[in-house]
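Below is one structure, written out as structure tokens; comments come after it.
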There are 2 protein chains.
Amino acid sequence: MMRKAGAKRVSGEDRTRIPWSNIPKPSLERLAQYHQIAIRAGEDGNENLSSVSLSEILGVDETLVRKDMASVGIVGKPRVGYSTGQIINKLEEILGLSQHTDAVLIGCGGIGSALLRYPGFRKYGLRISAAFDADFAKVNQRVGDYVILPMEKCRSVINTFRVKVAILAVPADAAQEMADWLVRRGVQAIWNFAPIHLRVPAGIVVRNENLALGLADLIHHLRRNNMEKEDGARTR
Amino acid sequence: MMRKAGAKRVSGEDRTRIPWSNIPKPSLERLAQYHQIAIRAGEDGNENLSSVSLSEILGVDETLVRKDMASVGIVGKPRVGYSTGQIINKLEEILGLSQHTDAVLIGCGGIGSALLRYPGFRKYGLRISAAFDADFAKVNQRVGDYVILPMEKCRSVINTFRVKVAILAVPADAAQEMADWLVRRGVQAIWNFAPIHLRVPAGIVVRNENLALGLADLIHHLRRNNMEKEDGARTR
DNA sequence: ATTATATCGTGAAATGTATCACGATATAAA
DNA sequence: TTTATATCGTGATACATTTCACGATATAAT
Ligand SMILES: NC(=O)c1ccc[n+]([C@@H]2O[C@H](COP(=O)([O-])OP(=O)(O)OC[C@H]3O[C@@H](n4cnc5c(N)ncnc54)[C@H](O)[C@@H]3O)[C@@H](O)[C@H]2O)c1
Ligand SMILES: NC(=O)c1ccc[n+]([C@@H]2O[C@H](COP(=O)([O-])OP(=O)(O)OC[C@H]3O[C@@H](n4cnc5c(N)ncnc54)[C@H](O)[C@@H]3O)[C@@H](O)[C@H]2O)c1
């Protein structure tokens with residue numbers, strides 16, 4: 001029958017109800033975007049953001065923005081909007097970005113190296129403890145601030161730093177096997193860049209960052225658009 | 001008010017109804033995954049794939065898989081499943097992967113270089129015509145099979161090869177401006193890796209590959225999981 | 001002080017998506 | 001040949017998410 005991993009039984013009465021137990025997936029994605037937008041708005045000196053401006057930036061309905069905000073306890077003022085600071089603080093708390101998150105990175109190829117060198121994720125509390133590769137030719141090479149370590153060191157790093165998150169940037173063939181291994185070592189969340197949908201035990205969090213799906217989606221819409229144009233031209 | 005870009009009025013009577021005019025977004029994402037899975041299954045020598053196996057790989061309901069297949073005209077056989085070949089062919093047709101797609105890549109930094117060197121997108125019909133960067137220090141350097149060109153050559157490449165797709169891997173500050181410029185030059189689809197939601201005129205296709213959102217999502221779920229565990233421990 | 005209005009907040013309705021329940025059918029087994 | 005069964009196909013139903021409609025309120029203008 002197959003129960004969705006991590007499915008939640010929401011006990012009816014729950015005095016300690018915390019808002020983020022239950023945020024719908026689409027809403028969560030938007031919340032993360034509000035956060036990004038609020039940070040940039042703050043940098044530009046805007047102290048407030050209205051549901052209308054947010055809705056225009058993201059191309060969604062303004063009511064939806066207000067519902068999202070209400071759902072996480074961000075309150076706005078009529079004629080003013082939401083406080084940029086409150087959006088940032090509340091969302092960082094809810095998204096879990098206010099605490100540091102330690103991670104290991106596996107696979108220092110093209111994508112892995114780009115991620116290692118990218119400073120942007122520090123704002124999300126991400127701290128990459130160490131980077132690993134199976135290729136001995138890469139071991140001991142430097143990438144950004146890191147020196148690539150051999151896989152046999154991975155186990156002890158995970159244990160020592162109690163790492164709960166792995167960034168997986170290895171070839172597709174190795175990804176599932178690697179994921180299984182990481183889970184056995186105590187990793188609880190995997191950010192996967194290989195173009196396969198990883199299967200993990202219930203309770204383990206996976207985010208499959210399958211770029212090829214994005215490309216397929218883009219091409220599909222492009223073709224559809226062009227078809228319509230031709231179609232229109234023929235018809236009228 | 002705000003009308004969603006590219007919104008479609010589906011004329012009631014339409015003899016030339018083509019399946020891919022109307023595929024729901026979640027369904028489209030799954031279809032692209034079926035395609036990936038079918039390709040790997042084919043390489044492993046499996047001639048058939050059942051809705052059950054697909055549903056287990058992706059963690060979705062098996063009925064959903066059958067509905068998806070039916071929606072694009074892929075028909076299966078009782079007790080056998082769907083033909084791997086039919087899945088691949090039909091989905092490549094529908095996703096538009098059977099035709100070549102020319103693209104330019106803007107911004108040859110960490111992500112841009114990784115994309116340039118990655119061979120995997122060729123299977124999706126993607127052909128990167130040329131890669132550009134604004135940094136003169138990078139111009140003329142090689143990345144994989146490419147030599148980085150200066151931005152001033154971009155216009156003529158787009159015109160000459162009638163490029164309709166741009167891969168945008170520039171810093172967030174430059175992304176919207178760059179997108180506007182590309183649209184003015186005739187680009188119809190943008191695959192954006194900068195962590196902002198690009199705004200484009202109706203009729204232009206954008207896919208925002210906002211990796212930071214993925215990270216935020218992952219961290220959120222990890223925290224939620226851990227909270228639940230603690231919560232459970234305290235309660236029982 | 002009064003009025004106007006931009007904006008928030010929210011229940012109700014509409015829409016979109018997934019699941020259930022069950023009949024049909026092709027293959028394998030008896 | 002007959003029976004059993006794994007799997008497909010699909011209408012009906014349930015669930016999730018968005019949009020609509022409208023009242024409430026804080027600020028700015030008069
Ligand atoms: N580069 C891209 O643009 C891109 C795009 C989409 C998807 N991906 C996917 O991302 C993943 C990485 O891509 P890439 O371009 O960086 O590939 P890559 O070949 O450049 O790097 C992969 C790295 O993983 C290492 N590796 C292989 N097996 C390993 C193992 N078992 N344990 C540890 N390390 C191992 C290799 O030595 C190599 O350094 C692949 O699954 C690829 O399909 C990449
Ligand atoms: N590297 C990552 O892991 C990562 C992760 C998430 C998001 N991103 C985003 O992807 C984008 C690229 O990231 P990166 O790590 O490759 O950055 P990077 O700084 O390594 O590369 C950016 C490249 O763009 C070029 N550039 C700058 N302005 C330009 C312009 N106007 N026209 C053309 N080229 C220009 C720069 O010269 C540089 O080569 C950024 O928006 C970043 O936020 C990167």
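Protein chains get the first letters and strands the later ones, always in sequence-line order, with residue 1 at the start of each.
- Rounded to 10°, the helix from C/dA1-D/dT30 to C/dA30-D/dT1 has 20° between the axis fitted to its first five pairs and the one fitted to its last five.
- Nucleotide C/dC8 holds its P atom 12 Å from the CD1 atom of A/Ile74, rounded to whole Å.
- For the pair B/Glu62 and B/Arg66, the salt-bridge criterion is met [side-chain N within less than 4.0 Å of a carboxylate O].
- A donor-acceptor pair is defined here as one N or O able to donate and one able to accept, closer than 3.5 Å; such a pair exists between the side chain of A/Thr84 and the backbone of A/Glu47.
- Between the side chain of A/Lys25 and the base of D/dT17 there is no donor-acceptor pair of N/O atoms closer than 3.5 Å.
- Taking 3.5 Å as the limit, the base of C/dG9 and the side chain of A/Lys77 contain no donor-acceptor pair of atoms between them.
- For the pair A/Asp61 CG and D/dA21 C1', the interatomic distance rounds to 12 Å; values are reported in whole Å.
- Between B/Leu49 atom CG and D/dT7 atom C1' the separation is 13 Å, expressed in whole Å.
- Contact annotation: A/Tyr82 does not reach the phosphate of D/dA26 (side-chain N/O to OP1 or OP2, under 4.0 Å).
- One finds a salt bridge joining B/Glu209 and B/Arg207 here, because a Lys/Arg side-chain nitrogen approaches an Asp/Glu carboxylate oxygen to under 4.0 Å.
- Closest to the side chain of A/Pro78, out of C/dC8, D/dT10, C/dT27, is C/dC8.
- Residues A/Arg40 and B/Asp173 are paired through a salt bridge, judged by an N-O separation under 4.0 Å between the basic side chain and the carboxylate.
- A/Thr63 comes within 4.0 angstrom of a base, heavy atoms only.
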